[in-house]
Amino acid sequence: MMMSLIGLGSSQLSSNFYATKCPNALSTIKSGVNSAVSKEARMGASLLRLHFHDCFVQGCDASVLLDDTANFTGEKTARPNANSIRGFEVIDTIKSQVESLCPGVVSCADILAVAARDSVVALGGPSWAVQLGRRDSTTASLSLANSDLPAPTLDLSGLISAFSKKGLSTTEMVALSGGHTIGQARCTSFRTRIYSETNIDPNFAKSLQGNCPNTTGNGDNNLAPIDTTSPTRFDNAYYKNLQVKKGLFHSDQQLFNGGSTDSQVNGYASNPSIFCTDFANAMIKMGNITPLTGTSGQIRTNCRKTN
Ligand code: HEM
Ligand SMILES: [Ca+2]
C-alpha cells in the first residue's frame with residue numbers, strides 16, 4: 001500500500017482514474033473526437049499531433065493549449081507550432097461538455113491524451129489503454145517549444161537525440177514517426193527536400209512541386225498529404241513510402257536512408273500489426289513524459305487559460 005502511494009512519476013497515472021470521479025468522461029471525449037473527425041478526417045491527425053507537441057514541451061501538461069495574452073507568452077507562436085498546430089476548438093468543445101458533466105475533475109492534459117488515442121482509432125489505427133491522472137500546468141515554454149520539438153530538417157542522429165532527451169528510444173522514435181501516416185504539411189516544411197534532395201522519387205518530387213513553388217514566400221502554406229498513399233487511414237503506408245523514397249520530410253526519409261533504422265522500417269512495412277503494437281506502446285510511453293500529478297498544477301476550467 002505504502003509503495004503505491006510513494007509511486008514515482010508516470011506510475012502515478014492509472015487507466016481507471018476517472019472511473020468513479022467522472023464515469024462518462026471517456027465516452028464524452030470519444031463522441032467529441034468522432035464527431036470532429038467525421039466532419040473533417042484531418043482533424044484526427046491534428047489532435048494526435050497536439051498531444052505530441054504537448055508532451056515534448058514540459059511534459060504532458062496541456063501547456064500547448066494556453067493562449068498568449070498581454071502578460072503571458074505561451075507556445076503557440078513557437079516555430080513548429082505557428083500557422084501549423086490546430087484542433088483547439090475541438091478540445092474547447094469537449095472540455096466544456098466534460099466540465100458540465102463533472103466540474104473541475106478532468107484535466108486538459110488527459111483530454112489531449114484520450115483524444116489522440118480516439119483519433120487514431122477513428123482513422124482505423126490501434127487502440128490502447130490511456131493512462132490518466134495528469135494535471136494541467138500554470139506555465140508554458142516558448143523557448144522549450146522552439147528547442148525540443150524536432151524539426152523536419154533533422155538527420156537521423158538529431159532525431160535520435162531529440163527523442164532520447166525525452167526518454168524515448170530509437171525504436172520508439174521510428175514507431176512514433178508512423179504518426180505521419182495521417183495528416184497534412186505545409187510547403188515550407190518540405191520545399192528544400194522536393195527541390196534539392198536526391199534520395200527522393202523524381203516523379204513524387206515533381207508532382208509536389210506543382211503546388212509548392214521553389215521561391216520562399218510563394219505558396220508557403222499550401223498543403224500536401226504526409227502519407228501520399230492514404231492520408232486519412234492510420235495504416236503502415238508511411239513505411240512503404242519510405243522504402244520507395246516517398247518520404248515527404250527530410251526527417252522522414254532519414255529513417256530509411258541506408259542507416260541503422262532501415263531494418264525497422266522494413267519490418268513495419270511488411271508487418272502492420274507489429275507497427276500497431278509498437279506504436280500503441282510508444283504512445284503510452286510518450287504520454288508518461290513528466291506528468292503533473294497529486295497536488296501539482298491544477299485542473300483548468302478553460303484549457304486556454306490558467307484558473
Ligand atoms: C520524428 C520527428 C518529427 C518531426 C520532425 C515532425 C515534423 C512534422 C512537421 C514539419 C509537420 C508538418 C507541419 C506543417 O507543415 O504545418 C508534421 C505534421 C504532423 N505530425 Fe509530425 N513530426 C515528428 C514526429 C511526430 C510524432 C511523434 C507524431 C505523433 C505520434 C507526429 C504527428 C504528426 C501529424 C499527425 C501531423 C499532421 C497534422 C495535421 O494534419 O494537422 N509527428 N510533423
Ligand atoms: Ca506540455
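Owing to the predicted nature of the structure, the values given are computational and were not obtained by experimental measurement. Indexing begins at 1, ligand by ligand and atom by atom, following the structure's order. For this chain, numbers begin at 1 and follow the sequence in order.
Closest to atom 11 (C) of ligand 1, if we only count protein heavy atoms, is F249 CZ, 3.4 Å. Looking at atom 29 (C) of ligand 1, its nearest protein heavy atom turns out to be L48 CG, 3.9 Å. Nearest protein neighbour of atom 35 (C) of ligand 1, counting heavy atoms only, is A45 O, 3.2 Å. Looking at atom 30 (C) of ligand 1, its nearest protein heavy atom turns out to be L176 O, 3.5 Å.
Remark: at the Ca ion (ligand 2), atom O from V57 and atom OD1 from D54 enclose 160°, rounded to the nearest 10 degrees.
Close contacts of ligand 1 with S189, meaning ligand atoms under 4.0 Å from a residue heavy atom, involve 10 (C), 13 (C), 14 (C), 15 (O). With ligand atoms numbered from 1 in the order given, ligand 1 contributes 1 (C), 2 (C) to contacts under 4.0 Å with heavy atoms of L159. Below 4.0 Å from some heavy atom of Q184 lie the following atoms of ligand 1, by number and element: 37 (C), 39 (C), 40 (O). Short contacts between ligand 1 and R42, defined as distances under 4.0 Å to a heavy atom of the residue, involve ligand atoms 39 (C), 40 (O), 41 (O). Against a heavy-atom cut-off of under 4.0 Å, S84 is close to the following atoms of ligand 1: 13 (C), 14 (C), 16 (O).
At least one heavy atom of F163 sits under 4.0 Å from some atom of ligand 1. Not a single heavy atom of L154 sits under 4.0 Å from any atom of ligand 1.
The closest donor-acceptor contact from the side chain of D54 to the backbone of S63 lies under 3.5 Å. For the pair T181 (side chain) and R233 (backbone), a donor-acceptor distance under 3.5 Å is present. Of the possible donor and acceptor atoms, one in the side chain of D201 sits under 3.5 Å from a partner among the backbone N and O of F204. K166 places no side-chain N or O within donor-acceptor distance of the main-chain N or O of V57, the cut-off being under 3.5 Å. For the pair Y18 (side chain) and N24 (backbone), a donor-acceptor distance under 3.5 Å is absent.
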Checking ring pair (Phe, Tyr, Trp, His ring centres under 6.0 Å) for the pair F275/F234: CA distance, chi angles, key distance, verdict?
CA-CA 11 Å; F275 162 56; F234 197 100; 5.7 Å; yes
Given ring pair (Phe, Tyr, Trp, His ring centres under 6.0 Å), test F56 with F163 step by step and report yes or no.
CA-CA 9 Å; F56 265 54; F163 280 68; 4.9 Å; yes
Apply the test side-chain contact (heavy atoms from CB on, under 4.5 Å) to residues R193 and Q253: give CA-CA distance (whole Å), side-chain angles for both, the deciding distance (0.1 Å), then the verdict.
CA-CA 10 Å; R193 170 154 172 76; Q253 199 60 56; 3.3 Å; yes
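Below 3.5 Å of separation, one finds an N or O of R186 facing an N or O of ligand 1. Considering backbone and side-chain atoms together, S46 places an N or O closer than 3.5 Å to an N or O of ligand 1.
Ranked by closest heavy atom to atom 5 (C) of ligand 1, the top entry among A175, A116, A151 is A151.
A ring-centre distance under 6.0 Å is found for F249 and H180.
For residue G59, an N/O/S atom approaches the Ca ion (ligand 2) to within less than 3.0 Å. Among the atoms of F56, no N, O or S atom falls under 3.0 Å of the Ca ion (ligand 2). When distances to the Ca ion (ligand 2) are checked against a cut-off of 3.0 Å, S137 contributes no N, O or S atom below that limit.
The cluster map of Ile, Leu, Val, Met, Phe, Trp and Tyr, joined by side-chain heavy atoms under 4.5 Å apart, puts I274 and M283 in the same cluster.
A salt bridge between R300 and E99 is absent, with no side-chain N of the basic residue lying under 4.0 Å from a carboxylate O of the acidic one. A salt bridge is defined here as a Lys NZ or Arg NE, NH1 or NH2 lying under 4.0 Å from an Asp or Glu carboxylate O, and D148 with K165 meets this definition. The pair D110-R134 meets the salt-bridge criterion, with a side-chain N (NZ, NE, NH1 or NH2) lying under 4.0 Å from an Asp/Glu carboxylate O. Salt-bridge formation is not detected for the pair K246/D252: no Lys NZ or Arg NE/NH1/NH2 atom is positioned less than 4.0 Å from an Asp or Glu carboxylate oxygen. Under a 4.0 Å N-O distance rule, the pair K305/D67 does not qualify as a salt bridge.
Excluding waters, the protein N/O/S atoms found under 2.8 Å from atom 21 (Fe) of ligand 1 are H180 NE2.
Sorting the N, O or S atoms of D61 by how far they are from the Ca ion (ligand 2) puts OD1 first.
At most 12 non-hydrogen atoms from other residues, nucleotides or ligands lie less than 6.0 angstrom from NZ of K245.
Contacts between S251 and ligand 1, counted as non-hydrogen atom pairs separated by less than 4.0 Å, involve the side chain only.
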